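The model shown is predicted, which means the values in this text are computed figures rather than measured ones.
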Amino acid sequence: MKMQTTCLNIPDSHAHSFELKQFVSKAFQWLYAAYERKRQRNALLKLDDRMLSDIGVNRAEADNEGSKPFWKE
C-alpha cells in the first residue's frame with residue numbers, strides 16, 4: 001500500500017503533525033509578541049514626564065498607548 005504525499009513530499013501521516021507544529025509555533029510567537037507588548041506598555045506607563053520627554057512622547061500619548069489591550073498592535 002503506497003502512502004500519498006503532500007507537495008513537500010511529506011507522507012500524509014506526518015503532514016498533520018507538521019501542520020500542528022507550524023500552528024503551535026505561530027501560536028507561541030503570537031503569545032510572546034503579545035506578552036512583550038503588554039510588558040513594554042506597562043513600562044511606558046511607569047515613566048515620569050521627564051523620561052517621556054526624553055523619548056519624545058507626551059503623557060497623553062503614553063496613556064493612550066499604555067491603555068491598549070495586549071492583543072492590539
Side chains of Ile55 and Leu44: closer than 4.5 Å at any heavy-atom pair? yes
What residue pairs, at least two apart or across chains, pass salt bridge (Lys or Arg N to Asp or Glu O under 4.0 Å) with a residue in residues 24-38? Glu36-Arg39
CZ on Phe28 to OH on Tyr35, rounded to 0.5 Å: 15.0 Å
Do side-chain atoms of Ser67 reach the backbone of Asp63 as a donor and acceptor pair under 3.5 angstrom? yes
Shortest non-hydrogen separation from Asn58 to Glu61 and the atoms involved: OD1-N, 2.7 Å
Nearest-0.5 Å distance, CG of residue Leu45 to CG of residue Leu52: 9.0 Å
Rounded to the nearest 0.5 Å, how far does CG of Leu31 lie from CH2 of Trp71? 13.5 Å
Does CD in Gln22 sit with more than 12 non-hydrogen atoms of other residues, nucleotides or ligands closer than 6.0 Å? yes
CD (Gln40) and CD (Glu65) are apart, to the nearest 0.5 Å, by 9.5 Å
Working to the nearest 0.5 Å, report the span between OG of Ser53 and CG of Asp48. 10.0 Å
Contacts of type side-chain contact (heavy atoms from CB on, under 4.5 Å), residue Asn64, not counting sequence neighbours: none
